[in-house]
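Okay, so here's the structure we're looking at.
Letters A, B, ... are given to chains in the order of the sequence lines, protein chains preceding strands, and every chain is numbered from 1. Predicted model only: the values in this text are computed from it and were never measured.
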Amino acid sequence: MNKYEHKQIEKKWQDIWDEKSCFVAPQDYTKPKFYALVEFPYPSGQGLHVGHPRSYTALDIVARKRRMQGFNVLYPMGWDAFGLPTENFAIKNHVHPAEVTKKNIARFKSQLKSLGLSFDWSREINTTDPSYYKWTQWIFLQLFKKGLAYKKEMNVNWCTSCKCVLANEEVVNGVCERCGSEVVHKTKSQWMLKITEYAQRLIDDLDEVDFVERVKIQQKNWIGRSTGAEVNFKTTTGDILTVYTTRPDTLFGATYMVISPEHPIIEEKWANKLNNIDAVRAYREEAARKSDFERTELNKDKTGVCIDGVRAVNPVNGKEIPIFVSDYVLMGYGTGAIMAVPAHDDRDWEFAKAFGCDIIEVVSGGEDVQKAAFTAKDETGILVNSEFLNGKTVKDAIPAMIAWLEENGIGHAKVQYKLRDWVFSRQRYWGEPIPIVWCDKCGWVPVPEDQLPLTLPNVDSYEPTENGESPLAKMTDWVNTTCPCCGGKAKRETDTMPQWAGSSWYFLRYMDPNNNNALASKEAMEYWGPVDWYNGGMEHTTLHLLYSRFWHKFLYDIGVVPTKEPYAKRTSHGMILGENGEKMSKSRGNVVNPDEIVETYGADTMRLYEMFIGDFEKAAPWSPKSIKGCHRFVERVWNLFDKIEPSDAYSKQHEVLMHKTIKKVGEDIENLKANTAIAAMMSMVNDFYDKGINRAEYKTLLKLICPFAPHVAEELWSMLGETSVLSLEAWPEYDESKTQESSIQIAVQVNGKLRATISLPVDCEQQLAIDTALADEKIQKAVEGKNIIKTIVVKNKIVNLVVK
RNA sequence: GCCGCCAUGGCGGAACUGGUAGACGCAAGGGACUUAAAAUCCCUCGGUAGCGAUACCGUGCCGGUUCGAUUCCGGCUGGCGGCACCA
């Protein structure tokens with residue numbers, strides 16, 4: 001028999017699959033469907049990383065199995081190709097970003113093809129293709145028309161190196177997520193999307209989908225719902241200062257108030273009433289000058305200024321209390337003002353200690369509140385010094401106080417979210433143009449839908465400007481236009497959309513990728529939607545995954561898509577780390593190039609190793625040595641070919657093994673446990689080396705291996721004389737009643753310690769189990785001279801004798 | 001600080017709803033084949049004691065529940081990820 005030559009075999013079968021369009025999902029809407037999705041990559045200049053195939057192979061295995069089970073399977077791939085690295089490369093090397101993108105895509109595509117992934121390449125999409133971003137722009141216009149896209153002058157995160165605005169989600173520890181440079185605050189007019197309007201539904205509908213729990217938790221935490229009350233405090237000037245609190249029960253303990261340095265009431269109402277307005281303004285300017293990074297770095301020591309000239313009145317007891325300005329109160333959350341209860345809040349306590357404010361205990365049950373704040377919200381605390389709340393638990397006092405506030409018109413229950421609206425503008429070239437025009441007469445006017453796509457014009461230079469304008473602003477020919485509304489002079493919006501725009505709806509486009517009249521046809525969306533199984537990285541939980549759920553819900557509301565949620569199931573893979581256990585990165589020098597593995601061992605070995613490396617959901621270090629084990633397995637399957645006996649039925653000795661393994665492999669694939677599925681197949685092959693194998697057994701083995709190592713499986717299948725394409729053959733069936741041997745080894749314990757193993761018929765009577773156990777020599781020795789006071793028999797598992 | 005996850009041989013990792021810990025693979029050691037090496041095939045492989053049958057110990061640490069705990073509960077220690085002055 002021939003030697004195993006992976007290069008020839010893999011090329012051969014990839015060509016055959018292509019020629020026969022084996023993985024093209026037909027527009028046959030009568031068969032049961034299965035839509036498997038993996039996150040489409042950003043085609044970077046570095047090419048594929050070994051991390052990419054982990055996700056792709058895992059769902060490829062599921063897709064291949066489902067295809068063999070008769071499903072109409074859609075497993076598509078495309079390119080999320082707008083983005084900064086491409087633009088920066090273009091600037092540096094004086095090439096058009098579209099050229100760079102084209103080249104990178106070609107490289108990625110050939111790399112993906114070399115892995116034998118069963119993508120339907122006829123549905124390939126590219127977010128930078130005008131026929132694609134036409135619909136990204138169209139969705140934006142719908143958001144605009146419904147008032148969910150709006151322009152706002154606001155304090156934004158500005159990356160000093162990218163020269164670009166960042167969304168809150170893109171700022172990590174006060175630095176730019178992408179380049180690590182300092183992020184400062186800047187006031188700019190920005191397009192915003194009202195994701196906050198969907199906050200509650202984004203939480204509630206998580207109950208309807210099958211997402212791994214950590215994804216749900218992380219999304220809920222990010223949205224950050226809290227319940228409490230808004231309370232109005234009167235001030236000595238007669239103005240009302242509204243606060244939000246989650247602890248209305250502690251209102252009797254509010255001994256001062258704090259407002260954010262940027263609170264508008266200072267300049268609007270109090271500018272000429274404060275004796276120390278200069279000090280307040282100086283403090284505000286100092287706070288504004290700090291970057292996010294500095295502000296969080298310095299968050300240990302509380303700073304602030306007491307307002308001189310206005311005081312507030314605690315509405316529950318009429319006491320006058322001071323008002324402070326401090327940067328520990330944020331303008332972007334709640335009302336930008338708080339009531340401070342130092343006895344029961346750590347931050348207020350620290351501030352009170354620094355500024356000598358009163359600390360009054362209103363919840364008993366903790367230590368001395370002069371020494372530390374008592375913040376427990378459970379039943380341990382009982383209200384004191386709080387008139388009508390005295391004696392109540394915190395849990396009961398909260399609704400009681402809210403009821404009292406509502407009765408007296410002082411306040412009301414309120415739900416707050418940490419989630420903020422999505423900053424949607426980017427001052428860069430390589431993104432979707434925002435299809436809006438500014439007209440001095442008509443304001444912001446949408447580009448008429450029949451004029452979409454609004455294509456990106458060619459510019460001479462992609463450099464962002466120092467003043468923070470998009471490179472498009474320099475294109476006066478393009479910028480100057482006429483108002484679609486009144487026909488007068490108008491200017492185009494020059495900001496572009498963020499990278500997250502194109503990926504927020506791409507899964508819909510795969511359903512019907514060439515449609516020029518809609519983002520996808522109704523029939524296609526009704527058949528294919530929702531995505532049955534979506535796998536991707538945890539790093540996208542609060543970005544892409546949340547954004548795309550938001551867009552989908554919006555599209556559902558306007559009747560474009562038929563389901564509330566885009567993805568029925570979401571799983572998440574762990575990262576592949578370098579050999580040293582650290583994250584793979586160029587700077588650490590531990591990056592593994594998948595091409596080398598494919599070259600040396602072949603795609604089948606690569607695929608097996610990516611799956612065998614460990615628990616799919618956990619991070620795992622790359623190990624070049626372990627790859628050999630997977631390669632040996634492939635060769636052992638290959639060499640087994642010479643040992644095949646001619647028989648068309650499973651041999652008696654292997655019958656249970658066959659049925660058991662079919663069951664195990666099938667279940668493991670569905671549970672993303674390809675690692676143990678491979679282990680089971682390795683065991684099976686070991687057994688065949690021991691005891692021989694026949695044709696029927698070999699055929700089943702090849703079918704089981706096919707989703708994991710499809711090329712070698714196809715080649716061996718054809719070597720058997722079969723003329724069909726194995727990838728389209730039927731998945732093997734098993735018989736539950738034949739998955740167990742008729743007799744079984746069970747453990748016999750004495751006082752919970754293993755003392756012997758005995759062989760018993762499956763599901764045998766308890767008494768027989770006990771008798772057999774007692775008849776065992778070792779057991780007799782172990783219980784000799786002792787009284788058996790109890791026997792525990794667990795069917796097919798153990799017999800435990802309790803002796804004294 | 002808050003939320004979530006994790007801790008098992010020399011290594012990656014198995015172990016169903018509490019029931020024979022260490023499947024499968026890597027590395028290592030031994031053997032066969034070979035002039036030799038590679039490859040392949042076979043055997044051993046948690047620790048201690050013993051020639052051996054076997055005994056005792058062993059799933060980060062301390063304690064609990066149970067006939068029985070890697071698995072459940074309480075308290076620690078260490079690591080990873082997310083959020084972070086969110087009122």
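- One finds a salt bridge joining A:K663 and A:E736 here, because a Lys/Arg side-chain nitrogen approaches an Asp/Glu carboxylate oxygen to under 4.0 Å.
- Minimum atom distance to the side chain of A:T246 is reached by B:rA87, of the listed B:rA87, B:rC26, B:rC3.
- Proximity of a side-chain donor or acceptor of A:Q780 to a complementary backbone N or O of A:L774 within less than 3.5 Å is detected.
- The side-chain heavy atoms of A:M584 and A:I576, taken from C-beta on, include a pair separated by under 4.5 Å.
- Here A:Q749 lies in heavy-atom contact (under 4.0 Å) with a base.
- If you measure from atom CG of A:D327 to atom P of B:rC85, you get 10 Å, rounded to the nearest angstrom.
- With distances taken from any side-chain atom of A:S683 to the nucleotides B:rC6, B:rC24, B:rG4, the minimum falls on B:rC24.
- Rounding to whole angstrom units, CZ of residue A:R247 and P of B:rA87 are separated by 12 Å.
- Put simply, the side chain of A:D345 never gets that close to the backbone of A:T375: no donor and acceptor are under 3.5 Å apart.
- What separates CZ of A:F616 from C1' of B:rG12 is a distance of 17 Å, to the nearest Å.
- Within the nucleic acid shown, A:N639 has no heavy atom closer than 4.0 Å to any nucleic acid atom.
- Residue A:Y689 has its side chain nearest to B:rC41 when only B:rG4, B:rC41, B:rC67 are considered.
- The A:W222 side chain lies nearest to B:rC83 when the options are B:rC83, B:rA55, B:rC24.
- By the rule that a glycosidic angle within 90° of 0 means syn, B:rG9 counts as syn.
- In terms of position along RNA chain B, the nucleotide closest to A:I678 lies nearer the 5' end than the nucleotide closest to the other residue of the pair A:G752 and A:I678.
- Residue whose closest nucleotide on RNA chain B sits further toward the 5' end, between A:K753 and A:K628: A:K628.
- Residue contacts shown for A:S623 are absent, as no nucleic acid heavy atom lies under 4.0 Å away.
- OP1 or OP2 of B:rU54 sits under 4.0 Å from a side-chain N or O of A:K778.
- Residue A:S226 is classed as a sugar-phosphate contact, given heavy-atom separations below 4.0 Å to backbone atoms only.
- A:D346 comes within contact range of no nucleotide atom at all, as no heavy-atom separation falls under 4.0 Å.
- OP1 or OP2 of B:rU40 sits under 4.0 Å from a side-chain N or O of A:R632.
- Taking atom C1' in both B:rC85 and B:rG75, one finds a spacing of 30 Å when rounded to whole Å.
- In this structure, A:D348 reaches neither bases nor backbone, as no heavy-atom distance under 4.0 Å exists between it and the strands shown.
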Start with the C-alpha gap between A:D687 and A:H654, add the side-chain angles, then the distance that decides, and say whether side chain to side chain donor-acceptor pair (under 3.5 Å) holds. CA-CA 9 Å; A:D687 203 68; A:H654 282 140; 3.0 Å; yes

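- Whole-Å rounding puts the A:K673 NZ to B:rC24 P distance at 17 Å.
- Computed from coordinates, the A:L754 CG to B:rG18 C1' distance equals 16 Å when rounded to whole Å.
- B:rU70 and B:rC61 are spaced 15 Å apart, taking the C1' atom of each and rounding to whole Å.
- Cation-pi geometry between A:K302 and A:F351 is not met at under 6.0 angstrom from the ring centre and within 45 degrees of the axis.
- Applying the Watson-Crick and G-U wobble criteria (two distances, each under 3.5 Å), B:rG52 pairs with nothing in any strand.
- Residue A:Y333 has a polar side-chain atom (N or O) positioned under 4.0 Å from OP1 or OP2 of B:rA87.
- A:R755 has a side-chain polar atom (N or O) that falls below the 4.0 Å cut-off from OP1 or OP2 of B:rC56.
- In this structure, B:rC67 and B:rG19 make a Watson-Crick or G-U wobble pair, each of the two defining distances being under 3.5 angstrom.
- For the OP1/OP2 pair of B:rC41 and a distance below 4.0 Å, the side-chain nitrogens and oxygens of A:R636 include at least one atom meeting the criterion.
- Between B:rU35 and B:rG47, the two C1' atoms lie 42 Å apart (nearest whole Å).
- For the pair A:R570 and A:E39, the salt-bridge criterion is met [side-chain N within less than 4.0 Å of a carboxylate O].
- Dense packing is recorded around NZ of A:K216, with more than 12 heavy atoms of other residues, nucleotides or ligands lying under 6.0 Å away.
- B:rG74: Watson-Crick or G-U partner is B:rC62, with both key distances under 3.5 Å.
- Using P as the reference atom, B:rU8 and B:rG79 are 14 Å apart when rounded to the nearest Å.
- Closest approach to the A:N221 side chain among B:rC3, B:rC67, B:rG12 is made by B:rC3 (side chain taken as heavy atoms from C-beta onward).
- Of the candidate nucleotides B:rG13, B:rC24, B:rG19, B:rG19 has the atom nearest to the side chain of A:V794.
- In terms of polar N and O atoms assigned as donor or acceptor, the side chain of A:K302 comes within less than 3.5 Å of the base of B:rC85 in a complementary pairing.
- To the nearest angstrom, P of B:rU40 lies 13 Å from NZ of A:K643.
- Between A:Y601 atom OH and B:rC26 atom C1' there is a gap of 12 Å when expressed in whole angstrom units.
- A straight line from CE of A:M575 to P of B:rG81 spans 7 Å, rounded to a whole angstrom.
- Nucleotides B:rC24 and B:rC5 are separated by 25 Å at their C1' atoms, to the nearest Å.
- Between the P atoms of B:rU44 and B:rU54, the separation comes to 16 Å (whole Å).
- Counting all heavy atoms, side chain and backbone alike, A:T303 lies closest to A:F355 at C-CZ, 3.9 Å.
- To the nearest 0.5 Å, atoms OG1 (A:T242) and CE (A:M339) are separated by 13.0 Å.
- Across the strands present, B:rG9 finds no partner; the criterion is a Watson-Crick or G-U wobble pair with both atom distances under 3.5 angstrom.
- Closest to the side chain of A:I338, out of B:rA87, B:rG25, B:rU20, is B:rA87.
- Pairing of B:rG4, defined by two Watson-Crick or G-U wobble distances under 3.5 Å, is identified with B:rC80.
- Across all strands shown, A:Q416 has no heavy atoms under 4.0 Å from either base or sugar-phosphate atoms.
- Across all strands, A:A337 comes closer than 4.0 Å to no nucleic acid atom at all (heavy-atom distances).
- Among B:rC67, B:rA87, B:rA15, the nucleotide with an atom closest to any side-chain atom of A:K790 is B:rC67.
- Side-chain proximity of A:T676 to B:rA87, B:rA14, B:rC24: nearest is B:rA14.
- Nucleic acid contact for A:I792: base, since at least one base atom lies under 4.0 Å from a heavy atom of the residue.
- Comparing B:rC80 with B:rG29, their P atoms sit 34 Å apart, to the nearest whole Å.
- Atom C1' of B:rA7 sits at a distance of 6 Å from the matching atom of B:rG60, rounded to the whole Å.
- A:K797 comes within contact range of at least one nucleobase, with a heavy-atom separation under 4.0 Å.
- Here B:rG29 sits opposite B:rC43 as a Watson-Crick or G-U wobble pair (both hydrogen-bonding atom distances under 3.5 Å).
- For A:N686, a side-chain nitrogen or oxygen approaches OP1 or OP2 of B:rG25 to under 4.0 Å.
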